[in-house]
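A note on names: the letters A, B, ... follow the listed sequences, proteins ahead of strands, and every chain is numbered from 1.
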Amino acid sequence: MSSTICETKHPAFFALIDGNNFFVSCERVFNPSLNNKPVVVLSHNDGCAIARSNEAKQLGIPMGAPLHTFSHLIKPHCIAILSSNFELYTDLSRRMMCILKTCAPDIEIYSIDEAFLTLSYLSATEHNVFATRIYDTILKHIGIPTTIGIAPTKTLAKIANRQAKHLSKIHLILNTENLINQTLRTTNVGDVWGVGKALTHTLRCLGVYTSYDLAQKKPMWARQHLSIMGERLVRELQSIPCIPRHINKQQKSIQITRSLRRNVTTFNELSQLLSAHATRLGEKLRQAKLTTSEITIFCQTNRFSKTPHYKGEGSFTFTEPTNDTQTLIKGTMHALIHAFLDGHSYHSTGIHALNLTDEGMLKQKALFPSQLSQNQTARKKCIPHINSAIDTLNKRLGKNTIFWASSGIQNDTHKPAHSRSPRYTTNWHELAIVR
DNA sequence: TCTGGGGTCCTAGGACCC
DNA sequence: TCTGGGGTCCTAGGACCC
């Protein structure tokens, strides 16, 4: 798609493009038999619904619903239940964003299925054609249907996008005061981006029910009653952009958490699970070229169980920032000693890496370097190569081709019950076969 | 039986300093 | 009896997002 970038700046408009029911749409790209059928994609461990087709939404299956709360609908309505396939979704997302990058010079990827484009180089009369072309291009090249909302601020673009979906339209452009007000009047304040349950309650107590009501408030009123977030919201609803662009912001934390298919009670089992988490953390850090200097881990019992809830936490600070798997595992084990309490039945575990810094910083000498023997120094130099070799092998030959013995040989705590679709676009062994 | 995972931002309040 | 005050920094936890 070629769009001329004009020298003359038009008043800024924002476009929000998102993939409809993204994970379901990704599944349908390679499995057309899922079209026009209720489809639900489940979270890790098949716990609850994280994506639903429109047909599944019409059956009343809410976002985040635990599988057992709608399992009675599966057979009578022939609902297709799929385990999540994040490798496929991430790859199709990357492809979708690549197309968007060719559509506009200024793109801000907001999530796996959403991106904002700044349209300051287009005149208002061009928005309609622009949105239609984006929709057509992504559908043709990726196979994902999208919805596009265009408005003077990001918050209004979100509202436009939401309203377009309600009206079963491909796009909605809010470019006049009348249109904006009309849309705000029919949008509950709780449906505004940034307004959650707590804020909805507060706003209702203050007599604010629709987003139009909120847009009528003075920014100072919002600051007094709702803090700086509220003021920002009011201004955005009044067509004054004030959500800053996030440019190349470095990631601040990485976490890996999992709930388990069966509870575990022993230190040994927990240590194996957390060792696997630490291994995954190492992979993620190295992939992002980051290091961490502090980790916290937790192990907790089932929040929904009637028995008293226990959450054990422990942390570990490294003498110097690291992304070495073995070092991360050692730190994790130290932290677990603090967190583990015998006598509990643990249901979920996690590791959280903080104080992330650029990998390049590793090259800086520590202020008080530890005295290492010649052997230790030689080993230290080998560490990045060992990690890199393991990462390459696991990437090429499959996850866990090589793994640390501390993670245990058999692990039946994560296995999903439903089937994951093939990784059509990222794994040679799982390519689609044309007959 | 069965209730996700990975992030960011903001604020209140404690610790600490002078 | 009356036990400073103003500032900064850090952190835990809440709220929110997809």
So if I take every side-chain heavy atom of [X] and compare against [options], which nucleotide ends up nearest?
{"X": "A:S253", "options": "B:dT8, C:dC17, C:dC16", "value": "B:dT8"}
{"X": "A:K252", "options": "B:dG4, B:dT11, B:dC9", "value": "B:dC9"}
{"X": "A:Q251", "options": "B:dG4, B:dG7, B:dC2", "value": "B:dG7"}
{"X": "A:A198", "options": "C:dA15, B:dG4, B:dG5", "value": "C:dA15"}
{"X": "A:R303", "options": "B:dG4, C:dC17, B:dT3", "value": "B:dG4"}
{"X": "A:K284", "options": "B:dC2, B:dG6, B:dG4", "value": "B:dG6"}
{"X": "A:R232", "options": "B:dC10, B:dG7, B:dT3", "value": "B:dC10"}
{"X": "A:E114", "options": "C:dC18, B:dG4, B:dG7", "value": "C:dC18"}

5' priority, DNA chain B, between A:S227 and A:H352 [closest heavy atom]: A:H352

Which sits closer to the 5' end of DNA chain B, A:L226 or A:T257, going by the nucleotide each is nearest to? A:T257

Can you tell me the distance, in whole Å, between the [atom1] atom of [X] and the [atom2] atom of [N]?
{"X": "A:I109", "N": "C:dC18", "atom1": "CD1", "atom2": "C1'", "value": "14 Å"}
{"X": "A:L16", "N": "C:dC18", "atom1": "CG", "atom2": "C1'", "value": "12 Å"}
{"X": "A:I112", "N": "B:dG5", "atom1": "CD1", "atom2": "P", "value": "16 Å"}
{"X": "A:N161", "N": "C:dC17", "atom1": "CG", "atom2": "P", "value": "15 Å"}
{"X": "A:Q255", "N": "B:dT8", "atom1": "CD", "atom2": "C1'", "value": "11 Å"}
{"X": "A:R262", "N": "B:dT3", "atom1": "CZ", "atom2": "C1'", "value": "19 Å"}
{"X": "A:H201", "N": "C:dA15", "atom1": "NE2", "atom2": "C1'", "value": "14 Å"}
{"X": "A:I50", "N": "B:dT3", "atom1": "CD1", "atom2": "C1'", "value": "14 Å"}

Do A:L156 and A:S239 make a side-chain contact, defined as non-hydrogen atoms from C-beta onward lying under 4.5 Å apart? yes

State which residue, out of A:R286, A:E283, A:R280, fulfils the side-chain hydrogen bond (donor to acceptor under 3.5 Å, both in side chains) condition with A:T325. A:R286

In plain terms, say whether A:E269 and A:R262 are close enough for a salt bridge, that is, a side-chain N and a carboxylate O under 4.0 Å apart. yes

Between A:E114 and A:K158, is the closest basic N to carboxylate O distance under 4.0 Å? yes

Establish, with yes or no, whether the OP1 or OP2 oxygen of [N] is under 4.0 angstrom from a side-chain nitrogen or oxygen of [X].
{"X": "A:K197", "N": "C:dC17", "answer": "no"}
{"X": "A:R258", "N": "B:dG6", "answer": "yes"}
{"X": "A:S111", "N": "B:dG7", "answer": "no"}
{"X": "A:H347", "N": "B:dT3", "answer": "yes"}
{"X": "A:S71", "N": "B:dC2", "answer": "no"}

Under a 3.5 Å cutoff, is there a donor and acceptor pairing between the side chains of [X] and [Y]?
{"X": "A:N54", "Y": "A:N21", "answer": "yes"}
{"X": "A:N323", "Y": "A:E359", "answer": "yes"}
{"X": "A:D91", "Y": "A:T426", "answer": "no"}
{"X": "A:S315", "Y": "A:T296", "answer": "no"}

Which part of the nucleic acid does [X] contact within heavy-atom distance under 4.0 Å: base, sugar-phosphate only, or nothing?
{"X": "A:Y110", "value": "sugar-phosphate"}
{"X": "A:V41", "value": "nothing"}
{"X": "A:L199", "value": "sugar-phosphate"}

Using the C1' atom as the reference point in each nucleotide, state the distance between B:dC2 and C:dC18 in Å, no decimals. 24 Å

Reading DNA chain B 5' to 3', what string of ( ), [ ], | and . shows its pairs, if Watson-Crick and G-U wobble pairs count only when both distances fall under 3.5 Å? ....||||||||||||||

Determine, step by step, whether A:F14 and A:F116 satisfy the ring pair (Phe, Tyr, Trp, His ring centres under 6.0 Å) criterion, reporting the C-alpha distance in whole Å, the side-chain angles of both residues, the deciding distance to 0.1 Å, and the verdict. CA-CA 6 Å; A:F14 295 90; A:F116 286 105; 7.1 Å; no

